[in-house]
Protein chains: 4
Amino acid sequence: MVNNQVPSSIKDEALVSKRRNQMIKGAVALFKEKGFHKTTTREIAKASGFSIGTLYEYIRKKEDVLFLVCDSIYQRVKERMEASIDTNETSLQNLVQAIRSYFQLMDGMQDEVLVMYQEVKSLSKDAQDYVLQKERDMVAMLEQVIVNSLSEKIPEADVALIANNIFVQGQMWGFRRWILKRSFTLDTYIERQTHLLLEGLSSQLKETQS
Amino acid sequence: MVNNQVPSSIKDEALVSKRRNQMIKGAVALFKEKGFHKTTTREIAKASGFSIGTLYEYIRKKEDVLFLVCDSIYQRVKERMEASIDTNETSLQNLVQAIRSYFQLMDGMQDEVLVMYQEVKSLSKDAQDYVLQKERDMVAMLEQVIVNSLSEKIPEADVALIANNIFVQGQMWGFRRWILKRSFTLDTYIERQTHLLLEGLSSQLKETQS
Amino acid sequence: MVNNQVPSSIKDEALVSKRRNQMIKGAVALFKEKGFHKTTTREIAKASGFSIGTLYEYIRKKEDVLFLVCDSIYQRVKERMEASIDTNETSLQNLVQAIRSYFQLMDGMQDEVLVMYQEVKSLSKDAQDYVLQKERDMVAMLEQVIVNSLSEKIPEADVALIANNIFVQGQMWGFRRWILKRSFTLDTYIERQTHLLLEGLSSQLKETQS
Amino acid sequence: MVNNQVPSSIKDEALVSKRRNQMIKGAVALFKEKGFHKTTTREIAKASGFSIGTLYEYIRKKEDVLFLVCDSIYQRVKERMEASIDTNETSLQNLVQAIRSYFQLMDGMQDEVLVMYQEVKSLSKDAQDYVLQKERDMVAMLEQVIVNSLSEKIPEADVALIANNIFVQGQMWGFRRWILKRSFTLDTYIERQTHLLLEGLSSQLKETQS
DNA sequence: GATGAATGAGCATTCATTCAT
DNA sequence: TATGAATGAATGCTCATTCAT
């Protein structure tokens, strides 16, 4: 699926898609290593496996690469969340499972998420808005799962807050690993965060037959 | 107090201190507005009130400015935390109060924290280590306050986790304001986060006579 | 008629001719608008109605397009001068008529002449010589008409000078329109320039029975 | 006198003036040789005797060099015309003298005028307007001299036309030398053009006691 | 100590031209 | 014949850093 926010002068859409994937893959690795600003377009071209001229057949400006990278990361995270999280199921188990899936996802896409985290602000306002909408969607998914897992209604704001906390704690496993890895593995991290959350919600939670 | 990590060719320490403060003040404003990479040394010099030549009498490289800025921010946050948080007091009230102080601090230094958040990765490994140590110190303060507020011992890892959660939630008020401000004011945000935390800890908390 | 100064890899001469005409038509419009140097080969191909690859089947280098354009303009001007000017007729009326025709021609081909005027110097020396020969031919035509209109012989140099003056005044109507249009329409311009010229020549002119 | 249409980041106005003169001198030579578009900024810097970085301390964009060059040429032509032409004197001799001075000037600044002629269209609309105003001023000077040399009034349009003819004939000596030099030297060219003009005006001219 | 002119390596971007299909 | 994807040399411009005054 070609991202039409970024025009290309190449007509063959399948090719555009293929080349942009090469580009994204190469760019993520570089951005991870040295950040967007310290990465040159030539390096991106080289890491993508084609020439600088070819790079510019598929984008207009360097910032387009960043946009493509951020968008692709958000898209992949969103898709994988949609695949692994059931927003209809109403059991508590479903919330626990959703958190686990999401944290595992964050663990696996750690580098990508870190890149995204540090560089979104380098995008133009428009591009940021476009990309952040996906973040809102993801938080909304978590909110739905939370609501479904509760037996009593709690204030909307609290649901939003919990969803945001979970969301950020997932990312935190990526961008604060330097401090967390002293005390946790991914599994213990998931387990303890879940534990803490459920304790806080205990009185409103649905009964679960495990 | 002159930061000796960054050598200056000027002998007069008082002057170095004064000039660097001008520099930091000007630079924070610029980094906030356009980020470290898009800010030029000329702009920094101008915003600091002196010439480009003079700027380089007080630093060696552009990165030194970033280091000075980050260090100064951490330093100020740390100092203000130390001033408002009592790590000896053992009441639950003290934890509540510490959280409130810290969140208010984050609210007031929102821009600075945002800058720091996005730009630390641009520092050299050494500079990052130096600066992150201050972060570790702050988390440690929170850990101490948490431990003091509990009647029973809980695993060290849990203490670390809670401290990290609080720490990040404070920053989150700054860097995710775009999504949080739909549901919260600073006060309601503090109140609900505190509420959630205490619910989760309720069984281990010290009794409080309010 | 295919211009053999510019080789093509296509064999079918009729096709070459057709494609080059498309090319010239498209290119003139572009050169007029933005000049030769700011026009890209891709734009020329697009304006010509075929692909960049096809463009290069009919020329060797970008400069060939400019040559083709200049040559075509000169050719058209020359042909139309030959069609409307009678170099055998010896009346004064014929000179007056020749000037009128030529000025009207310049008015109609204003854009083309302007393009040619500004861009010939971008041609290689050889191409310039080739193209300027046509200009010499046109001036020679004017010289002939002038000589025919005189009753007495005047120095060759004077004839050349007058022919050049007429020639340039015709072009001047194109490239200095910004200043002339405040005082003249095409008709008054023709009338006054003719008047001035005839005054200067009055004593040598042939009698005319109008 | 520093041209304020083009901002410089250097404060010392005398220096700006000096460097820009170096720049103009170097650039004219290059533009003359290969045209504005085929001249690189590096070449301009080199020909000016300083580095590319320094060049850009005195201008903002490459086009600024062209503007500076065109403006300087017009300015010099205008100044020298003002110095050698008397717009108050009312004798016929004065017109003859003015033409001679102007043609000699064009002869001496041939290269500059050629450059200007071919490249003004590369300037932005604004810059063109600014520069062409100087041309209007010069034509106006010629008009004044013409009017002063006449005993009877002739239509304003005719005065404008004659002034323009003289103006263009002066330039023509530069840009059509390839065809004129077969029949003329500068002196004979001046003499014959003047002769032609005076013949045309004879009945309206002031008596001159030579 | 302060200034700001000079430097040139470095970077993003363009575009004429080629060539496999 | 026609196409258009690929190439990379070339170019305009920026900016951190130095150093003479």
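Residue numbering restarts at 1 for every chain, and letters A, B, ... go by the order of the sequence lines.
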Watson-Crick or G-U wobble partner of F:dC13, both distances under 3.5 Å: E:dG10

For the pair A:Y58 and A:L68, evaluate side chain to side chain contact (heavy atoms under 4.5 Å, CB included) and give the outcome as yes or no after the intermediate values. CA-CA 11 Å; A:Y58 294 91; A:L68 251 19; over 6 Å; no

Nucleotide E:dC15, atom C1' - distance to CZ of C:F36 in whole Å: 12 Å

Of C:D12 and A:D12, the one whose nearest nucleotide on DNA chain F sits closer to the 5' end is C:D12

Phosphate-side-chain proximity, B:T41 and F:dA16, N/O vs OP1/OP2 below 4.0 Å: yes

Just checking A:T54: base, sugar-phosphate only, or nothing, at a heavy-atom cut-off of under 4.0 Å? base

Side chain of D:K62 - closest among F:dC13, F:dT18, E:dT13: F:dC13

Would you say a side-chain N or O of A:Y58 is under 4.0 Å from OP1 or OP2 of F:dA6? yes

Using atom CZ of A:F50 as one end and atom P of F:dT7 as the other, report the distance to the nearest whole Å. 9 Å

What's the closest nucleotide to the A:R42 side chain, out of E:dT13, F:dA6, F:dA2? E:dT13

Just to be sure I understand the rule, does C:K11 reach a base, reach only the sugar-phosphate, or reach nothing, if contact means heavy atoms closer than 4.0 Å? sugar-phosphate

OP1 or OP2 of E:dA2 less than 4.0 angstrom from a side-chain nitrogen or oxygen of B:R19, does that happen here? yes

Before you tell me yes or no, could you show the steps for C:V28 and C:D111 under side chain to side chain contact (heavy atoms under 4.5 Å, CB included), namely the whole-Å CA-CA distance, both residues' side-chain angles and the distance that decides it to 0.1 Å? CA-CA 8 Å; C:V28 169; C:D111 291 325; 5.7 Å; no

Residue met sooner reading DNA chain E from 5', once B:E57 and A:H37 are mapped to nucleotides: B:E57

For D:S9, answer base if it contacts any base atom (sugar-phosphate contacts may also be present), sugar-phosphate if it contacts only those atoms, and nothing otherwise; contact means non-hydrogen atoms under 4.0 Å. sugar-phosphate

Separation of C:L55 atom CG from E:dC19 atom P, in whole Å? 17 Å

I need the minimum non-hydrogen distance between B:T39 and B:K34, along with the two atoms involved. OG1-CG, 3.4 Å

Round to a whole Å and report the spacing from CD1 of B:I44 to C1' of E:dG4. 17 Å

What integer distance in Å separates C:K61:NZ from E:dT18:P? 10 Å

Qualifying residue for ring-ring contact (aromatic ring centres under 6.0 Å, His included) with B:F67, from B:Y74, B:F36, B:Y130: B:Y130

Check every strand shown and say whether C:T39 touches a base, only sugar-phosphate, or nothing at a heavy-atom separation below 4.0 Å. sugar-phosphate

Whole Å only: how far is the CD atom of A:Q22 from the P atom of F:dA5? 15 Å

Can you measure C:I59 atom CD1 to F:dA2 atom P for me and round it to whole angstrom units? 14 Å

Comparing D:L15 and C:Y56 on DNA chain E - which has the more 5′ nearest nucleotide: D:L15

Tell me which nucleotide among E:dT14, E:dA2, F:dC13 gets nearest to the side chain of A:I52. E:dT14

How would you label the contact of D:T40 with the nucleic acid (heavy atoms, under 4.0 Å): base, sugar-phosphate, or nothing? sugar-phosphate

Before you tell me yes or no, could you show the steps for D:Q118 and D:L114 under side chain to side chain contact (heavy atoms under 4.5 Å, CB included), namely the whole-Å CA-CA distance, both residues' side-chain angles and the distance that decides it to 0.1 Å? CA-CA 6 Å; D:Q118 290 165 48; D:L114 195 58; 3.1 Å; yes

May I have the distance from D:I10 (atom CD1) to E:dT3 (atom C1'), rounded to whole angstrom? 12 Å

For residues C:Q22 and C:S48, is any side-chain donor paired with an opposing acceptor at under 3.5 Å? no

Pair assignment for F:dA20, Watson-Crick or G-U wobble, requiring both distances under 3.5 Å: E:dT3

